[in-house]
K.L.:
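Structure in structure tokens, see below.
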Amino acid sequence: SIMAPMLPIAIVVVLLLLAPSDASAQAVSPPAPAGPFQLPTVVVTAQKEPADVRTLPVSVTVVGPETLWNTGATIVSDASIFSPNTYFNEFSARKLSNARMRGVGSSPANPGVTTYIDGVPQLNANASSIDLLDVGQVEFARGPQSALFGRNVLGGLVNVASVRPSLSGWTGSAYVPLGNASTREVRAGASGPLVSGRLGLAASMAYGQRDGFTRNDITGHTLDDRSAFSGKAQLLWTPAALWEARAIVSGERARDGDYALHDLGALRQNPFHAARDFEGFTHRDIVNTTVLARREGARVAFSTTTGFVRWKTEDATDLDYSPLPLVTRENAEDAFQFTQEVRFASAANAPVRLSDAVALRWQSGLFLFTQDYDQDAVNRFAPFLLSPFLGFPVSQASPQAALNDVGLGLYGQATATLRDRVDVTAGARFDHESKEGELSTFYAPAVAPSTNVSAEQSFSNVSPQLAVAFRPAADRTLYAAVSRGFKAGGFNPAAPVGSEAYDEEHTWHVEGGVKGSWGGRVSASAAVFFIDWDDLQLNLPDPAVPAQFYIANVGSATSTGVEAEVNARVTPTGAGSSVASGFSRKIDVDVFGAIGYTHARFGDDSISSGIPVAGKELPNAPEYTATFGAQLAHALRESVALYGRAEAVFYGAYFYDDANTASQDAYSLVNFRAGARGRRLFAEAWVKNAFDTEYIPVAFAYGPFAPSGFVGEMGRPRTFGLRAGVTF
């Protein structure tokens with residue numbers, strides 16, 4: 001077990017945070033590093049209003065612009081390696097990316113961890129994994145955030161924030177990443193003022209494609225080729241000193257090959273090979289429009305966030321994943337969501353003074369949303385497959401579905417600060433949703449009765465939160481928090497008869513932690529947590545329909561764990577500098593680490609697919625996650641610097657299914673990157689999964705079509721390449 005080494009790490013971090021600070025060290029502000037190291041003040045919006053991450057009673061990992069750039073991160077899961085107890089259960093197809101935190105997760109249609117992009121929730125996970133164009137930072141807030149964000153954040157949330165357009169001067173970049181598997185990309189962007197100080201514009205684009213990693217032995221083709229174009233445009237307007245408004249429009253068009261799924265046993269014997277008679281495709285189109293407005297008054301801040309998200313997917317695949325012409329599937333999904341949030345809060349520098357010793361900060365808001373989702377999927381069965389008496393092809397519509405969802409949330413939170421040392425935070429949110437479902441499953445010809453469901457359901461909930469934080473020093477915080485998490489019930493587009501609907505899921509979450517920084521050179525945090533589930537929602541494979549999943553309530557569960565993070569600059573500022581030469585020859589060395597342990601188990605009353613699963617591990621929840629690494633930067637001369645980076649990422653073993661019958665062993669991935677940067681030009685070489693570790697991150701039960709009982713998809717093999725370009 002990893003629990004033993006975790007405890008001394010947590011103890012050391014606690015002792016460091018409680019130690020008295022050195023005043024002379026605090027007076028020195030080191031230069032901004034090139035790696036994941038953060039300056040003492042890191043502002044996040046993981047609790048809606050901007051705040052110093054060190055003061056929040058929440059476990060938050062911030063991946064800033066330097067780290068995003070220096071790791072070559074292009075999607076959220078690339079950045080997630082720095083967040084302990086965070087794991088993305090995803091296919092190579094872009095739409096299938098499901099985040100899990102501390103063992104909490106669910107289906108794409110009703111996620112347990114929700115991604116917010118510039119304040120707009122992606123209510124379906126199929127639209128959450130998009131290209132990180134012009135992104136300033138990604139925040140991973142772990143633990144239920146329902147008291148502020150409501151539905152679908154039982155495990156936490158991923159907060160993606162775009163870089164604001166420049167109002168002072170024009171900046172930009174253009175570069176070309178190239179790699180093996182015929183990888184080629186073009187990425188470019190620019191930002192600057194249209195009217196100095198008042199109106200700013202930012203625009204960026206990316207196009208990339210690569211060959212697949214998995215070869216179809218029947219045709220000799222690669223299956224999982226990938227190709228996509230994405231773009232983003234922003235307009236920032238500051239009409240007056242207190243007002244600003246920003247409009248953001250982004251889109252992505254992906255035209256990819258098929259899923260790389262194959263029998264799990266066969267993949268382990270012969271990785272990156274499949275055998276099928278039909279080769280399909282996965283296509284996805286997304287358009288997001290966001291309008292943000294804020295007035296920063298002397299006493300009250302007013303904000304609005306309006307979001308429109310439209311996405312659609314089309315895919316076709318060989319549903320039996322074998323050389324035989326047995327079953328194919330064509331699937332089309334189309335969704336539109338509208339969200340509107342209005343928020344009032346105390347001004348950042350003007351809390352309400354209740355007395356000389358007590359100050360009050362507060363926020364309250366209203367959230368409205370609508371979501372429409374349509375799916376039309378057809379399975380085509382070969383003659384005699386369904387029955388020896390059916391000697392003709394049969395098509396199964398599974399499903400034709402229309403789901404409509406309307407909801408609102410009202411929330412409020414207040415933090416009383418006592419003598420600038422103790423924060424007492426209390427908050428709650430009321431949510432109400434109304435859902436409608438029109439669900440149909442039928443055959444053509446009509447070889448069996450059709451199933452038709454037309455239903456409505458409503459859900460209401462109150463999610464409270466209470467937290468206490470104590471600051472023994474200005475840059476250190478100890479905290480304890482308890483909160484209630486909530487996820488609404490709903491309808492499955494397709495499911496076994498009697499499982500068309502599922503109920504709400506709730507959690508109680510208790511957490512204690514400590515965080516802080518030292519003079520700009522070291523930042524660290526540690527936390528322990530306990531989660532207790534009621535009516536856990538689980539994404540289960542439909543035993544009657546291949547590759548089709550539905551949500552079911554399976555009972556109770558618990559998750560306990562610990563986590564810790566450290567980021568540090570270990571080289572003294574100015575080491576090796578040469579005053580006579582007029583520039584610094586110092587070598588900056590940044591080290592970083594994050595480690596988490598999760599023990600997530602089903603409760604005694606849990607029954608999944610009619611089978612008791614008490615005491616078994618929750619699926620797709622690694623026992624531990626860890627990332628350790630370092631980055632070095634060395635100035636050769638005033639305008640030229642060399643840099644190098646290495647990181648090792650570790651995942652503990654986990655089971656693919658609720659019955660704990662198939663699993664992925666623990667594995668690790670090692671990445672390297674090195675290059676040179678001048679005033680305008682840069683070039684670097686990189687390699688990911690340098691030791692070509694073979695692993696299968698995702699697999700699921702597949703009945704008689706898979707000899708091993710499961711199909712899976714290989715994780716990314718070793719990839720390598722170059723990145724070069726120009727900045728201004």
Side-chain angles (χ1 to χ4, degrees), residues 46 58-61 76-77 80 83-90 97-116 121-123 125 128 139-159 461 463 465 481-489 502-511 527-540 551-563 596-603 606 608 613 616-625 651-652 654-658 698:
V58 179
S59 293
V60 182
T61 297
V76 168
S77 59
S80 71
S83 176
N85 287 322
T86 300
Y87 175 71
F88 275 72
N89 174 243
E90 61 184 0
S97 178
N98 304 309
R100 304 186 74 91
M101 291 181 177
R102 298 175 172 177
V104 181
S106 189
S107 89
N110 204 29
V113 177
T114 294
T115 298
Y116 279 69
Q122 308 303 298
L123 300 179
S128 64
E139 304 162 9
F140 297 89
R142 298 176 297 279
Q145 309 299 319
S146 297
L148 284 175
F149 293 87
R151 68 199 305 272
N152 301 112
V153 287
L154 282 85
L157 65 90
V158 180
N159 198 34
N461 181 77
S463 302
Q465 172 204 28
V482 59
S483 57
R484 179 79 158 159
F486 160 71
K487 186 161 54 173
Y502 54 92
D503 291 329
E504 298 177 1
E505 174 183 338
H506 295 90
T507 64
W508 278 107
H509 176 272
V510 180
E511 177 176 330
V528 297
F529 63 87
F530 171 75
I531 306 172
D532 185 29
W533 274 279
D534 290 322
D535 297 318
L536 172 68
Q537 295 175 8
L538 204 62
N539 205 37
L540 300 173
I551 300 172
N553 299 96
V554 301
S556 64
T558 60
S559 177
T560 58
V562 296
E563 54 199 32
Y597 168 82
T598 298
H599 182 86
R601 298 291 188 272
F602 288 105
S606 297
S608 180
V613 292
K616 295 186 180 296
E617 296 183 21
L618 267 62
N620 301 303
E623 183 182 19
Y624 62 86
T625 67
Y651 294 103
Y654 59 91
F655 287 99
Y656 298 123
D657 63 323
D658 50 344
V698 59

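Note: hydrogens, waters and symmetry copies are ignored here, and every other heavy atom, side chains too, is used.
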K.L.:
Indicate yes or no for a side-chain donor-acceptor contact from Asn110 to the backbone of Ala488 under 3.5 Å, with no hydrogens or angles considered.
P.N.:
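Looks like yes, one N/O pair under 3.5 Å.
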K.L.:
Which value, rounded to the nearest 0.5 Å, describes the distance between Ser128 atom OG and Glu90 atom CD?
P.N.:
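Between Ser128 OG and Glu90 CD, I get 9.0 Å after rounding to 0.5 Å.
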K.L.:
Looking only at non-hydrogen atoms, find the nearest pair between Ile551 and Ser107 and report the distance.
P.N.:
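For Ile551 and Ser107, the tightest heavy-atom pair comes out as CD1-OG, 3.0 Å.
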K.L.:
In Å, rounded to the nearest 0.5 Å, how long is the span from CG of Leu538 to CG of Asp657?
P.N.:
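Atom-to-atom, Leu538:CG and Asp657:CG are 10.0 Å apart.
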K.L.:
Determine whether Arg484 and Gln465 make a side-chain contact, defined as any pair of heavy atoms from C-beta on separated by less than 4.5 Å.
P.N.:
no
K.L.:
Donor-acceptor check, side chain of Glu139 to backbone of Ala46, threshold 3.5 angstrom: yes or no?
P.N.:
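Such a contact is found between Glu139 side chain and Ala46 backbone.
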K.L.:
Under the side-chain contact (heavy atoms from CB on, under 4.5 Å) test against Thr507, which residue among Val104, Ile531, Leu536 passes?
P.N.:
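So, applying the side-chain contact (heavy atoms from CB on, under 4.5 Å) to Thr507 and each of Val104, Ile531, Leu536, only Ile531 qualifies.
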K.L.:
Can any side-chain N or O of Ser559 pair as donor or acceptor with the backbone N or O of Arg102 at less than 3.5 Å?
P.N.:
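Yes; judged by distance alone, with no hydrogens or angles, the pair exists.
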K.L.:
Could you tell me if Thr598 and Arg100 have a donor-acceptor pair between their side chains, going purely by distance under 3.5 Å?
P.N.:
no
K.L.:
Any side-chain heavy-atom pair from Val58 and Gln145 closer than 4.5 angstrom?
P.N.:
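SC-SC contact between Val58 and Gln145 confirmed.
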K.L.:
Taking side chain as C-beta onward, heavy atoms only, is His599 less than 4.5 Å from Glu623?
P.N.:
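No; the side chains remain at least 4.5 Å from each other.
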K.L.:
Any chance the side chains of Gln537 and Asn553 put a donor and an acceptor closer than 3.5 Å?
P.N.:
no
K.L.:
Find out whether Asn85 and Met101 are in side-chain contact, i.e. whether some heavy atom of one side chain is under 4.5 Å from a heavy atom of the other.
P.N.:
no
K.L.:
Do Tyr597 and Glu563 come close enough that some side-chain heavy atom pair is under 4.5 Å?
P.N.:
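Not in contact.
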K.L.:
Step by step, would you call Arg601 with Glu617 a side-chain contact (heavy atoms from CB on, under 4.5 Å)?
P.N.:
CA-CA 4 Å; Arg601 298 291 188 272; Glu617 296 183 21; 3.1 Å; yes
K.L.:
Is there a side-chain contact between Val554 and Asp658 (heavy atoms, below 4.5 Å)?
P.N.:
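No. Closest side-chain heavy atoms not under 4.5 Å.
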K.L.:
For Asn152 and Gly112, indicate whether the former's side chain and the latter's backbone hold a donor-acceptor pair under 3.5 Å.
P.N.:
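No, Asn152 side chain to Gly112 backbone: no donor-acceptor pair under 3.5 Å.
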K.L.:
Just checking, any donor-acceptor pair under 3.5 angstrom between side chains of Thr114 and Gln122?
P.N.:
no
K.L.:
Examine Tyr116 together with Phe149 and report whether their ring centres are nearer than 6.0 Å.
P.N.:
yes
K.L.:
Please report the interatomic distance CG(Asn89) to OG(Ser77), rounded to the nearest 0.5 Å.
P.N.:
11.0 Å
K.L.:
Quick one: pull up OG in Ser59 and CZ in Phe140 and give me the separation to the nearest 0.5 Å.
P.N.:
14.0 Å
K.L.:
Would you check if Val153 and Val113 make a side-chain contact, meaning some heavy-atom pair closer than 4.5 Å?
P.N.:
no
K.L.:
Is there side-chain contact between Pro619 and Tyr656, with at least one heavy-atom pair below 4.5 Å?
P.N.:
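No, their side chains stay 4.5 Å or more apart.
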K.L.:
Examine distances only and state if a side-chain atom of Thr86 and a backbone atom of Pro84 form a donor-acceptor pair shorter than 3.5 Å.
P.N.:
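It does hold such a pair.
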K.L.:
Could you tell me the separation between the CG atom of Asn98 and the CG atom of Asn620, rounded to the nearest 0.5 Å?
P.N.:
9.0 Å
K.L.:
Has Ser83 got a side-chain atom pairing as donor or acceptor with Thr61's backbone, closer than 3.5 angstrom?
P.N.:
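Side chain of Ser83 to backbone of Thr61, a donor-acceptor pair under 3.5 Å: no, none is there.
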K.L.:
Below 4.0 angstrom, N of the basic side chain to O of the carboxylate: do Glu504 and Arg151 qualify?
P.N.:
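A salt bridge is absent here (no side-chain N lies under 4.0 Å from a carboxylate O).
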K.L.:
Does the distance from a Lys or Arg side-chain N to an Asp or Glu carboxylate O, for Arg142 and Glu511, drop under 4.0 Å?
P.N.:
no
K.L.:
To the nearest 0.5 Å, how far apart are CZ in Phe88 and OG in Ser97?
P.N.:
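Phe88 atom CZ to Ser97 atom OG measures 5.5 Å (nearest 0.5 Å).
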K.L.:
Taking atom types as modelled, find out whether Tyr87 and Tyr654 have a side-chain donor-acceptor pair closer than 3.5 angstrom.
P.N.:
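Yes, a side-chain donor-acceptor pair sits under 3.5 Å.
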K.L.:
Any side-chain donor paired with an acceptor under 3.5 Å for Asn461 and Ser463?
P.N.:
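Looking only at side-chain atoms, Ser463 and Asn461 do form a donor-acceptor pair, the distance falling under 3.5 Å.
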K.L.:
Are side-chain N/O atoms of His509 and Asp532 paired as donor and acceptor at under 3.5 Å?
P.N.:
no
